[in-house]
Amino acid sequence: MKKSKFILFALSAVFLTSCTIKTTENNRRTVSVTGTGSVEVEADNATIILSVITRGKEAGSTARENAEKMTKVQEAVLELGILKEDVSTEHYTINQESNYSNGKVVYGDYVATNRIRIFVKDLSMAGNVIDAALKAGANQLSSFQYGINSKDVYVKQARTLAVQNAQDTANLLATTSGAFLGRILSINEHQNNFGFYRVTAKAANAVEEAEDSAASFTATPISGGKTTITFSVDAVYELK
């Protein structure tokens, strides 16, 4: 008998940290619980952000050089089978560098920056896209972001698991307390994590390699790995 009491006490100590039983003003007893559901997903696409940065003494020639290099970059990417609608300009600027010397403004080179976003639907092509872009004239890898194509399916699975977990916890708490679980009175959802990996890097060394001969260029390996989609729900059930 003492052993049974100890088990009951242990269960109460565990579940009361995220669950609450209370009696409302109209004597209706309720139990409040939190349920969590997680789904581990393999990344299957990528978004790559690359830049072409050029410098020069004149704004016009600097902009032209930048445009010529970016055109080559986009052509190289499209030749790999990337769709035109999956390549878009994200940012473009041209400005003149300046600094102070002896209390005066000293102007320097013009800098043109053209940044494009490339959506790669097949993750196995990501390394080839980076290599082709660098060889064609891109000189900065600004961002590499993994993603998942059928994310709605996995989101639904995570939500379902969260609701099931909440109901299982509420039912265990109710029966342990000598009651029966009734209807659900309210439920609120929280999205804890939504599945991407994000990696950012300035590819200074990669640029130098890209300027070498094709024979000495090393292909960029890309491995997607896994990510987790997690949802939690706060639910209130009636006790009978």
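As a basis for the values below, the full set of heavy atoms in this structure was taken, side chains included, without hydrogen atoms, waters or symmetry mates.
- Side chains of K156 and D152 form no contact here, defined as non-hydrogen atoms less than 4.5 Å apart.
- Shortest non-hydrogen contact noted between E65 and R55 is OE1-O, 4.1 Å.
- Within 6.0 Å of CD in E58 there are 12 or fewer heavy atoms belonging to other residues, nucleotides or ligands.
- Interatomic distance, H190 NE2 to D234 CG, rounded to the nearest 0.5 Å: 3.5 Å.
- Minimum heavy-atom separation, F231 to A162: O-CB, 3.6 Å.
- Atom NZ of residue K57 and atom CD of residue Q96 lie 9.5 Å apart, to the nearest 0.5 angstrom.
- Note that OG of S177 is 9.0 Å distant from CG of L172, once rounded to the nearest 0.5 Å.
- Note on F180: it does not cluster hydrophobically with V31, by side-chain heavy-atom contacts below 4.5 Å among ILVMFWY residues.
- Of all non-hydrogen atoms in V120 and A126, the two that sit nearest each other are CG1-N, 4.0 Å.
- If you chain together hydrophobic residues whose side chains sit under 4.5 Å apart, I48 and V87 fall into the same group.
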TODO: Take E68 and R64 through the test salt bridge (charged side-chain N to carboxylate O under 4.0 Å, His left out) and record every step on the way to the result.
DONE: CA-CA 6 Å; E68 291 170 358; R64 282 193 298 273; 5.9 Å; no

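- Rounding to the nearest 0.5 Å gives a distance of 8.5 Å between CD of Q157 and CD1 of I229.
- Side-chain contact between L239 and T30 is absent, with no heavy atoms from C-beta onward closer than 4.5 Å.
- In this structure, the side chain of N102 does not engage the main chain of K104 through any donor-acceptor pair within 3.5 Å.
- A 4.5 Å side-chain heavy-atom check between Q167 and L181 finds at least one atom pair inside the cut-off.
- The heavy-atom pair separating L161 from S38 by the smallest distance is CD1-O, 3.7 Å.
- Proximity of a side-chain donor or acceptor of E238 to a complementary backbone N or O of R29 within less than 3.5 Å is not detected.
- Although no hydrogens or angles enter the test, the distance criterion places no donor-acceptor pair under 3.5 Å between the side chain of N165 and the main chain of G37.
- Under the 4.5 Å side-chain heavy-atom criterion for ILVMFWY residues, a single connected hydrophobic cluster contains both M125 and L134.
- Across all non-hydrogen atoms, the minimal contact from L80 to A132 is CD1-CB, 3.8 Å.
- Nearest approach of I82 to F119, heavy atoms of both residues: CG2-O, 4.1 Å.
- Between V236 and the options L185, N188, I187, V33, a side chain to side chain contact (heavy atoms under 4.5 Å, CB included) holds for only L185.
- Put simply, the side chain of N66 gets close to the backbone of A112: a donor and an acceptor are under 3.5 Å apart.
- Between atom CD1 of residue I118 and atom CG of residue D86 there is a gap of 10.0 Å, rounded to the nearest 0.5 Å.
- Proximity of a side-chain donor or acceptor of N139 to a complementary backbone N or O of I53 within less than 3.5 Å is detected.
- Proximity of Y110 to N95: side-chain heavy atoms (C-beta onward) are nowhere separated by under 4.5 Å.
- One hydrophobic cluster, built from ILVMFWY side chains closer than 4.5 Å, cannot hold both V52 and Y92; they sit in different ones.
- Distance check: I49 CD1 to Q140 CD gives 10.5 Å after rounding to the nearest 0.5 Å.
- Proximity of a side-chain donor or acceptor of T54 to a complementary backbone N or O of T62 within less than 3.5 Å is detected.
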TODO: Under the side-chain contact (heavy atoms from CB on, under 4.5 Å) rule, what do L123 and Y146 come out as? Steps first, then yes or no, please.
DONE: CA-CA 8 Å; L123 187 59; Y146 291 109; 3.8 Å; yes

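- Under 3.5 Å, the side chains of S142 and S51 contain a donor-acceptor pair of N or O atoms.
- V73 and I94 are members of different hydrophobic clusters when ILVMFWY side chains are connected at heavy-atom separations under 4.5 Å.
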